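Below is one structure; the comments refer to it alone.
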2 protein chains.
Amino acid sequence: MTELLQKNIADHVVLSTTETEEFCNLFEQRFIKKKSFLLREGEVCKFEGFVVKGLFRVYHIDKNGFEQILYFAIENWWITDIDSFTTETPSQLYIEALEDSEVLLISKKDKEFAYSNLPRIEKLFRVMTQKTHVALQRRMIDNLSKTAELRYIEFSEKYPQLFQRLSNIQIAAYLGITNVFLSNIRKKIASKK
Amino acid sequence: MTELLQKNIADHVVLSTTETEEFCNLFEQRFIKKKSFLLREGEVCKFEGFVVKGLFRVYHIDKNGFEQILYFAIENWWITDIDSFTTETPSQLYIEALEDSEVLLISKKDKEFAYSNLPRIEKLFRVMTQKTHVALQRRMIDNLSKTAELRYIEFSEKYPQLFQRLSNIQIAAYLGITNVFLSNIRKKIASKK
DNA sequence: GAATTTTATTAAACTAGTTTAATGTATTGA
DNA sequence: TCAATACATTAAACTAGTTTAATAAAATTC
């Protein structure tokens, strides 16, 4: 049940078999149906999750009702609202399954337990947070410096697997443009070939 | 010399006096003149820094020669290229002093030493990275959902101290707009009052 | 399998932000 | 202290991206 999680951990830090097992035992398996929510705005995020199967989107709805997608998570990715989870304040985000999905969840209490009793777990999450942060910095620069057309092309090349599972509406919300404009971009690209 | 650093650490984690001292002793004091660089594109970032005095900007130059500012750092803020520092690969960023500045630097080797010998330092950097990441997530959402005018106003309200030390060119590069357009925004705001 | 909802496309008018270039004013530096 | 450089503003033509609305196709649901 936790094979994929174990492999994911091993990609970040070196843990003994016992440590890995003890940590993985803290997770609870959950099945989430397409269009169901793991988290809604206003709720405190009480978990950190690892996607075993399926696809999620983490997004915000602004005061004009537009959705901005912070990130997607497919198999082998982690999901949480790190802000709400760490500060125990109401979330401003939604986490929604875009496909029938399976996740492994760890509670705040069990994660604290791990931090105290399994010292290398602290390193695991430091390293993971660093990597996520680096990725977001790159995306920030891209959003500041590149046109939507280029961002679309690069997104399709960087995450081909994810790309073909997403509707254009979702991709547009991630790129920060309207789906109408994305349609224009797609037409333009198609006509070039 | 390290009073401000000690206070900053205490704001994030609980350390004993000895731990704090031992950690702070790993830092080296450096004075950086205005317009000098702590890091340039292509160099490997060999330090993590804490600003005691002055002002820095961390930015990227895209292939059209435009600068995107990732963040500013004044007194009591940390600076590094976390990507280059952790992976030991050439940086894509510049770190430049915008005022005569004083920083405390810790080398990669000494930071690794601290991680191994002062276990709570691992927590310190996990917590700090999390906070930085949350701030960047918020900025990402703002950039996707808000107009430049609103971002400008909110920036001035959120960081008034920093704001008045920056030229409009720097602010525009941070907001992701041209300084010409920023000038229009300023005119529009002024006429409203 | 018919009805409903969601998705993608197109068009046309619009707006936020860019580009280039000129001008005046502050700052900086030798 | 004077020349050079950096900064802020304005104008005008332009372009990237939005808005609204209509239509067709695809997917979902009962």
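Naming convention: chains lettered A, B, ... in sequence-line order (proteins, then strands); numbering from 1 in each chain. Note that the structure is a prediction, hence the values are computed from the model and not measured.
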Contact class for B/Lys146 vs. all strands (heavy atom < 4.0 Å): base, sugar-phosphate, or nothing?
nothing
Considering every strand and a 4.0 Å limit on heavy-atom distances, what is the contact class for A/Ser167: base, sugar-phosphate, or nothing?
sugar-phosphate
Would you say [X] places a side-chain N or O within less than 4.0 Å of OP1 or OP2 belonging to [N]?
X: B/Lys35; N: D/dA6; value: no
X: B/Thr178; N: C/dT18; value: yes
X: A/Arg186; N: C/dT9; value: yes
X: A/Asn168; N: C/dT9; value: yes
X: B/Lys187; N: D/dA11; value: yes

Do the rings of A/Tyr59 and A/Phe37 sit parallel, tilted or perpendicular, given the 30° and 60° boundaries?
tilted
Donor-acceptor pair, distance only, cut-off 3.5 Å: does the side chain of A/Arg57 make one with the backbone of A/Ile69?
no
Any salt bridge linking B/Lys123 with B/Glu19? Criterion: basic side-chain nitrogen under 4.0 Å from a carboxylate oxygen.
no
Closest approach to the side chain of A/Asn179, judged atom by atom: which nucleotide of C/dT19, C/dT10, C/dT9 is it?
C/dT9
Would B/Tyr115 and B/Glu122 count as having a side-chain donor-acceptor pair, cut-off 3.5 Å?
no
